[in-house]
Every structure is written in structure tokens, then in C-alpha cells.
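Everything below concerns the one structure shown next.
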Amino acid sequence: MPELPEVETVKRTLAKYLIGQKIIQVSVYQETVIKIPDVNEFKNEIINKTITDIDRRGKYLIFGLSEGYKMVIHLRMTGQLVYGEKTMPVKKHTHVIFELSDGRELRFTDQRRFGRIWLVPEDELLGVSGLCTLGPEPLRDDFCWEAFQSQLSKRQTRIKALLLDQSFIAGIGNIYADEILYRSQIHPERKAASLSKDEAARLFSEVQSTLKEAIAHRGTTFSDYVDGRGEKGTYQNYLNVYQQLGKKCPRCGADIERVKVGSRSAYYCPGCQK
DNA sequence: ACAATATCCTGCGAGC
DNA sequence: TGCTCGCAGGATATTG
């Protein structure tokens with residue numbers, strides 16, 4: 001599941017190779033992945049544009065293109081964006097291939113077909129669904145403790161559900177929500193407003209440190225995730241609770257348990273998450 | 001405005 | 001062996 005650390009790693013690996021390259025040709029094999037505009041217009045508009053920069057907002061990748069265009073890509077669950085030689089075997093579920101000016105290719109594959117691509121003029125970027133309602137970026141300097149605490153105190157939903165809400169905070173998915181709550185020693189079913197100031201402060205801090213550590217380890221590869229060069233991450237070796245059912249808590253030795261929060265699994269330690 | 005739930009999609013493993 | 005069922009979860013639409 002590409003969450004903030006995985007998308008950030010894809011961004012960094014791709015930036016090394018793609019900036020300055022021109023898109024020579026594009027093939028679309030699964031039309032539903034192109035959200036905006038329609039496929040023919042997408043092809044016409046993107047050909048001969050140069051990639052000027054790559055940015056990330058939450059789990060969205062934003063490619064700056066020449067002539068003031070932006071291409072936005074969301075990998076959702078199983079999306080992969082890999083740069084490499086034309087001679088690489090074409091994987092099943094390859095939906096879009098971009099041919100680049102250096103003779104290599106950028107390929108978008110997505111087993112579950114949840115991923116989406118938008119191409120818009122710069123001034124219509126906020127028209128990309130989800131982008132304009134995105135909450136604060138947790139690793140930016142302007143991630144604000146006062147606002148975080150104030151928002152928490154007003155919400156009756158369970159804390160795990162709130163961490164997954166992209167309009168509350170951008171970039172956290174199921175893996176890091178569980179890991180962040182474990183490190184903060186907070187039970188996933190606690191109501192957000194019930195957290196003490198100390199608990200909220202721990203949460204605010206662990207959101208940032210967990211995501212930073214995961215980026216340092218190039219993300220978590222649980223099933224599908226690979227970076228922009230097809231390499232797996234290593235943070236799966238450092239998980240404390242996510243998918244660790246039946247294992248012992250590294251902190252207190254209790255058995256890790258699982259509950260449903262909404263329709264998602266939440267893994268936690270019943271011994272030390274209160 | 002907020003909270004909770006159904007929906008999309010494919011592959012995989014469990015159970016019979 | 002081969003079938004069905006449940007599970008995995010990001011974001012959005014819908015319902016209460």
C-alpha cells in the first residue's frame with residue numbers, strides 16, 4: 001500500500017531520472033485509469049511535453065510539465081510507477097507506457113485498477129479530486145501542533161479512523177496508522193476527543209518520527225510496493241504491530257491483536273495501548 | 001457538519 | 001481437484 005513514505009520514495013527515485021526528459025509517445029491499455037481528460041486528449045496533450053519537476057502532496061504524485069501542465073498520479077492500493085529499459089518484460093496489468101527522450105520508458109501498472117491519472121493545466125490542479133480537501137502535510141515545517149490538538153478535541157470518531165482521514169492529515173494509510181498508534185501507546189478505538197494533552201502530544205510527535213523513519217528505510221513492501229526503479233522497501237522489517245497477529249509485543253510481551261475499525265483491520269497491543 | 005458504511009478491483013488462501 | 005467465500009484497503013458516494 002503506497003502511503004506517504006512509499007510515495008515520497010517513488011518521487012525521489014523517479015526525480016533522479018525523469019527531470020528534463022521529454023515524453024515522446026504514450027500508450028494507454030486501460031482507459032479507465034485516465035480520469036481527466038478523455039484518453040485521446042490525454043495523449044495529444046502530453047506528447048512532446050518535458051518533465052520539469054516532481055512533487056508530492058499526501059499520497060499524490062504531481063509531475064510538473066512544460067507549458068504549465070501538471071500530471072497527477074495516485075497509486076492507490078497496488079499501483080506501481082517504474083522507470084527502466086524498453087526491453088524490460090511487460091508485466092501483467094500494465095496500463096500506461098510513457099516513452100521518454102532517453103530511449104527508456106516509464107510504466108504504470110496496477111493489479112487492482114484503483115490508481116488514477118489526471119492531466120490538467122496548472123490553474124486547474126485543485127480540480128483533481130481529493131487534492132483541494134487534503135489536510136496538512138505532516139512532515140512540513142508548518143504542521144501545526146495547536147491546530148492538530150484543537151481538531152482532535154472536536155472529533156467523536158475513533159482515533160484510527162481520523163488518522164486515515166486524508167482531510168484531517170495527509171498521507172497516512174493503514175500500515176502507518178497502526179504503527180503510529182502503537183508507538184504513541186494509544187488504543188485504535190479511542191475517541192479522538194478523549195485523548196489527554198500528553199497523549200495528543202505523543203501522537204503528534206510519533207506521526208512525524210514514524211513517517212521519517214519509514215522514508216529513511218525506503219518504505220514498506222508488504223505485497224506489491226516497489227519504488228521508481230522497481231526496488232522493494234525495507235521498513236517491513238521494523239513493523240511492531242501491522243500484520244503481526246499472534247506475535248509478541250516488543251514492548252510488553254503481550255500477544256498482538258486485531259479489531260475492525262470501520263471496515264479496516266487495526267492491529268494493536270492490548271497490553272500497552274490504552 | 002459529522003460519522004459510519006458500501007463500493008470499486010484482483011489475487012490469494014482457507015475450508016469443504 | 002475445483003469451487004466459493006472472505007480478506008486486503010485508498011478514496012468517494014451514500015445514508016443516517
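Residue numbering restarts at 1 for every chain, and letters A, B, ... go by the order of the sequence lines.
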In plain terms, say whether A:D165 and A:R155 are close enough for a salt bridge, that is, a side-chain N and a carboxylate O under 4.0 Å apart. yes
Checking ring pair (Phe, Tyr, Trp, His ring centres under 6.0 Å) between A:Y83 and each of A:F108, A:Y17, A:F98, which is the one that passes? A:Y17
Name the residue closer to the 5' end of DNA chain C, choosing between A:T133 and A:R112 according to the nucleotide with the nearest heavy atom. A:R112
Which listed nucleotide ([options]) is nearest to the side chain of [X]?
{"X": "A:H74", "options": "C:dG10, C:dA8, B:dT5", "value": "C:dG10"}
{"X": "A:S129", "options": "C:dA8, C:dG10, C:dT12", "value": "C:dT12"}
{"X": "A:Q156", "options": "C:dG10, B:dA3, C:dA8", "value": "B:dA3"}
{"X": "A:Y60", "options": "B:dA3, C:dT12, C:dG10", "value": "C:dT12"}
{"X": "A:K59", "options": "B:dA3, C:dA8, C:dA11", "value": "C:dA11"}
{"X": "A:H93", "options": "C:dT12, C:dA8, B:dG11", "value": "B:dG11"}
{"X": "A:Q111", "options": "C:dA8, C:dT12, B:dT10", "value": "B:dT10"}

Hey, does [X] reach any base, or is it just sugar-phosphate, or nothing, if we go heavy atoms under 4.0 Å?
{"X": "A:R116", "value": "nothing"}
{"X": "A:S223", "value": "nothing"}
{"X": "A:T157", "value": "sugar-phosphate"}

Rounding to an integer number of Å, can you tell me how far A:M77 CE sits from C:dC7 P? 15 Å
Taking CG from A:L162 and C1' from B:dA4, how many angstroms apart are they, rounded to a whole number? 14 Å
Here the gap from A:E41 atom CD to A:I36 atom CD1, rounded to the nearest 0.5 Å, amounts to 10.5 Å
Reported CD-to-OG1 distance for the pair A:E6 and A:T221, which is rounded to 0.5 angstrom: 7.5 Å
